[in-house]
Peer 1: 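Structure incoming, see below.
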Amino acid sequence: MKRIVQIMVLLIGLAHISSAQIVVESFNYEELLGSEVDGYADGGIGWDGPWTVFEGDPYDLIIDEEGELPEGVDFTTTGCRLTGECSGVALRAYRKLATPIMDEGDNLWLSFIIETENWLNDSWSGVSFWSPDGVGEQSLFGKNWGRSLWGMVFTGKDMDSMWGVEDNVPVWIVVKVEFSGDENDEECFLWINPDTSKEPEIGDANVSLMGNLKDGVTHIACHLGNTKGIIVSFDEIILAKTFEEAVPVKKVGVNDLTKSESNSTYFPNPIQSSLTIDYKLNRNDIVKLDIYNINGMKVKSLVNGVQKSGNYSVEWDAEGYPSGAYFYTLQIGNSVDRNKILVK
């Protein structure tokens, strides 16, 4: 039997759909703070199975509290990150993708936050495309062995690393892969801390390289080594089909928005199949209404455009969504209304 939650709202919301995202890993595992991530599977979207530490001591790669964000980067994170401290050997973990990435002649975007501490040049760190049942490591985006500069390398290729930053400063790395659609190499471009509001230009890439992914990618790996004492942190790993979807969620901050005076009600709660949202506009305005999961990732955009004054009713079909906590956000200008909802 279909259940409906009715919500009466006066003022409205802001956002866009995230259907082009392939995987998202925000490491928002507060219950694991200080504990190893090995074998933990309950988080993110687009994954098939847990993080697996396949080289090194699993306890050397733990869930840590969120660090500083890259300077000038216009988004926030969900509060936790993955941190590894090298004990003198390689420390590697990967997680399997629900759907392997194959060369279909389209584009692929990768973005993540990475921070290094106590760096020495006979070390390495980064995020990799990996296929453990095939060719193994396909690539590394970060710092290759013997390099202090950020860049990328593909199997059988020389490292392209042209962008250096001070140690212990987090950076947001964005990679675009333009698949060839055949056996030939892919064109790859990497930017450090690009503008989040628009897709970066190829000509502005900090590094570029030809690399081959014809054998496909089945896993994403986070790894570091080999010098004792170096520390590397990872956060907000996203794979997407577009740059817009590769940007972590820009969350609403308390200093950015004013709580609207809307009279929100919703019942029954939790819901089992659908959510009906009723709201009233007193004037013509831009209305954007979104549903988020508990990790702060947008799962559905319900409204995004100008609407005339009047009464509106919008339904979210929750069938097929995992049970758990969600919230809706309706926002206009500096006014926002947000409420938590539960899906059984």
Side-chain angles (χ1 to χ4, degrees), residues 14-27 44 46 66-78 81-82 101 106-116 119 125-129 139-144 147-154 159-179 186-211 213 217 220 222 232-253 256 296-298:
L14 180 93
H16 63 269
I17 195 165
S18 59
S19 60
Q21 288 180 325
I22 301 171
V23 296
V24 176
E25 177 59 276
S26 296
F27 299 107
E66 179 184 70
E68 296 294 325
L69 293 176
E71 184 176 355
V73 173
D74 189 23
F75 57 72
T76 61
T77 67
T78 57
R81 61 182 182 175
L82 181 69
I101 297 170
D106 52 1
N107 294 330
L108 176 69
W109 291 85
L110 165 70
S111 77
F112 60 94
I113 298 171
I114 187 168
E115 180 179 354
T116 60
W119 191 255
S125 67
V127 172
S128 290
F129 295 151
S139 61
L140 172 70
F141 306 102
K143 295 181 178 180
N144 198 22
R147 303 292 183 104
S148 61
L149 303 181
W150 297 107
M152 58 182 167
V153 64
F154 281 77
M159 179 78 174
D160 187 352
S161 54
M162 297 174 57
W163 186 257
V165 295
E166 179 186 349
D167 186 31
N168 200 27
V169 175
V171 296
W172 182 45
I173 292 181
V174 176
V175 177
K176 181 182 183 182
V177 178
E178 294 184 350
F179 281 104
E186 282 62 63
E187 292 189 81
C188 305
F189 307 90
L190 182 148
W191 296 265
I192 304 293
N193 301 339
D195 185 349
T196 60
S197 66
K198 59 182 180 180
E199 182 175 323
E201 298 289 338
I202 296 300
D204 295 331
N206 296 115
V207 297
S208 60
L209 193 66
M210 300 295 291
L213 294 172
V217 178
I220 298 298
C222 295
V232 182
S233 298
F234 307 87
D235 204 357
E236 299 294 342
I237 300 173
I238 299 177
L239 276 176
K241 292 293 186 180
T242 67
F243 170 74
E244 182 182 28
E245 298 302 336
V247 179
V249 172
K250 182 178 179 182
K251 292 190 173 59
V252 174
D256 302 323
M297 304 308 302
K298 194 179 303 154

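Keep in mind that what you see is a predicted model, and the values were worked out from it rather than measured. The analysis underlying the following values was restricted to heavy atoms, covering all of them including side chains, and did not include hydrogens, waters or symmetry mates.
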Peer 1: Determine the sole option in I192, N193, I114, I173 for which the side-chain contact (heavy atoms from CB on, under 4.5 Å) test with P70 is passed.
Peer 2: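 For P70, the side-chain contact (heavy atoms from CB on, under 4.5 Å) test succeeds with only one of I192, N193, I114, I173, which is N193.
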Peer 1: For V177, give me all partners under side-chain contact (heavy atoms from CB on, under 4.5 Å), at least two apart in sequence or on another chain.
Peer 2: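 For V177 the side-chain contact (heavy atoms from CB on, under 4.5 Å) partners, ignoring immediate neighbours, are L108, F129, V175, F179, E186, C188, L213.
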Peer 1: F112: what forms a ring pair (Phe, Tyr, Trp, His ring centres under 6.0 Å) with it, not counting sequence neighbours?
Peer 2: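 Scan of F112 (ring pair (Phe, Tyr, Trp, His ring centres under 6.0 Å), adjacent residues dropped) gives none.
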Peer 1: Which residues pass the side-chain contact (heavy atoms from CB on, under 4.5 Å) test with L69, not counting sequence neighbours?
Peer 2: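 So L69 forms a side-chain contact (heavy atoms from CB on, under 4.5 Å) with T77, I113.
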Peer 1: Contact between V153 and S139 at the side-chain level, heavy atoms closer than 4.5 Å - yes or no?
Peer 2: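 No; the side chains remain at least 4.5 Å from each other.
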Peer 1: Only counting residues at least two apart or in another chain, list the ones meeting ring pair (Phe, Tyr, Trp, His ring centres under 6.0 Å) with W109.
Peer 2: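 For W109 the ring pair (Phe, Tyr, Trp, His ring centres under 6.0 Å) partners, ignoring immediate neighbours, are W191, F243.
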Peer 1: Checking D195 now: which residues fulfil side-chain hydrogen bond (donor to acceptor under 3.5 Å, both in side chains) with it, not counting sequence neighbours?
Peer 2: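 Once residues adjacent in sequence are excluded, the partners of D195 under the side-chain hydrogen bond (donor to acceptor under 3.5 Å, both in side chains) criterion are S197.
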Peer 1: To the nearest 0.5 Å, how far apart are OG in S111 and CG in L190?
Peer 2: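 Between S111 OG and L190 CG, I get 11.0 Å after rounding to 0.5 Å.
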Peer 1: Decide side chain to side chain contact (heavy atoms under 4.5 Å, CB included) for I237 and F27; before the verdict, give the C-alpha distance in whole Å, the side-chain angles of both, and the deciding distance to 0.1 Å.
Peer 2: CA-CA 9 Å; I237 300 173; F27 299 107; 3.9 Å; yes
Peer 1: So that I can tick it off, tell me whether E236 and R81 are bridged by a salt bridge, with the cut-off set at under 4.0 angstrom between side-chain N and carboxylate O.
Peer 2: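 A salt bridge is absent here (no side-chain N lies under 4.0 Å from a carboxylate O).
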Peer 1: Residues two or more places apart in sequence or in another chain: which of them pass side-chain hydrogen bond (donor to acceptor under 3.5 Å, both in side chains) with T196?
Peer 2: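 Residues passing side-chain hydrogen bond (donor to acceptor under 3.5 Å, both in side chains) with T196: none at all.
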Peer 1: Mind checking the CE-CG spacing from M152 to N206? Nearest 0.5 Å is all I need.
Peer 2: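 Output value for this atom pair is 10.0 Å.
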Peer 1: Verify, without hydrogens or angle tests, whether Q21 (side chain) and E245 (backbone) share a donor-acceptor contact under 3.5 angstrom.
Peer 2: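 Judged by distance alone, yes, a pair lies under 3.5 Å.
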Peer 1: If you look at every heavy atom in L140 and G126, which pair is closest and at what distance?
Peer 2: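 That closest heavy-atom pairing would be CD1-CA, 3.6 Å.
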Peer 1: Decide yes or no on side chain to side chain contact (heavy atoms under 4.5 Å, CB included) for I22 and K241, but give the supporting numbers first.
Peer 2: CA-CA 7 Å; I22 301 171; K241 292 293 186 180; 4.0 Å; yes
Peer 1: Can you tell if the side chain of F141 reaches within under 4.5 Å of the side chain of S128, non-hydrogen atoms only?
Peer 2: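 The answer is no, as the side chains (C-beta and beyond) never meet within the 4.5 Å cut-off.
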Peer 1: Under the side chain to side chain contact (heavy atoms under 4.5 Å, CB included) criterion, do I220 and V127 qualify, and how do the steps go?
Peer 2: CA-CA 7 Å; I220 298 298; V127 172; 3.8 Å; yes
Peer 1: For E178, give me all partners under side-chain contact (heavy atoms from CB on, under 4.5 Å), at least two apart in sequence or on another chain.
Peer 2: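 Partners of E178 under the side-chain contact (heavy atoms from CB on, under 4.5 Å) test: N107, K176, E187, F189, I202.
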Peer 1: Please assess V232 against C222 for the test side chain to side chain contact (heavy atoms under 4.5 Å, CB included), listing each intermediate value before the final yes or no.
Peer 2: CA-CA 10 Å; V232 182; C222 295; over 6 Å; no
Peer 1: What are the two closest heavy atoms between V23 and G46, and how far apart are they?
Peer 2: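 Looks like CG1-O, 3.1 Å.
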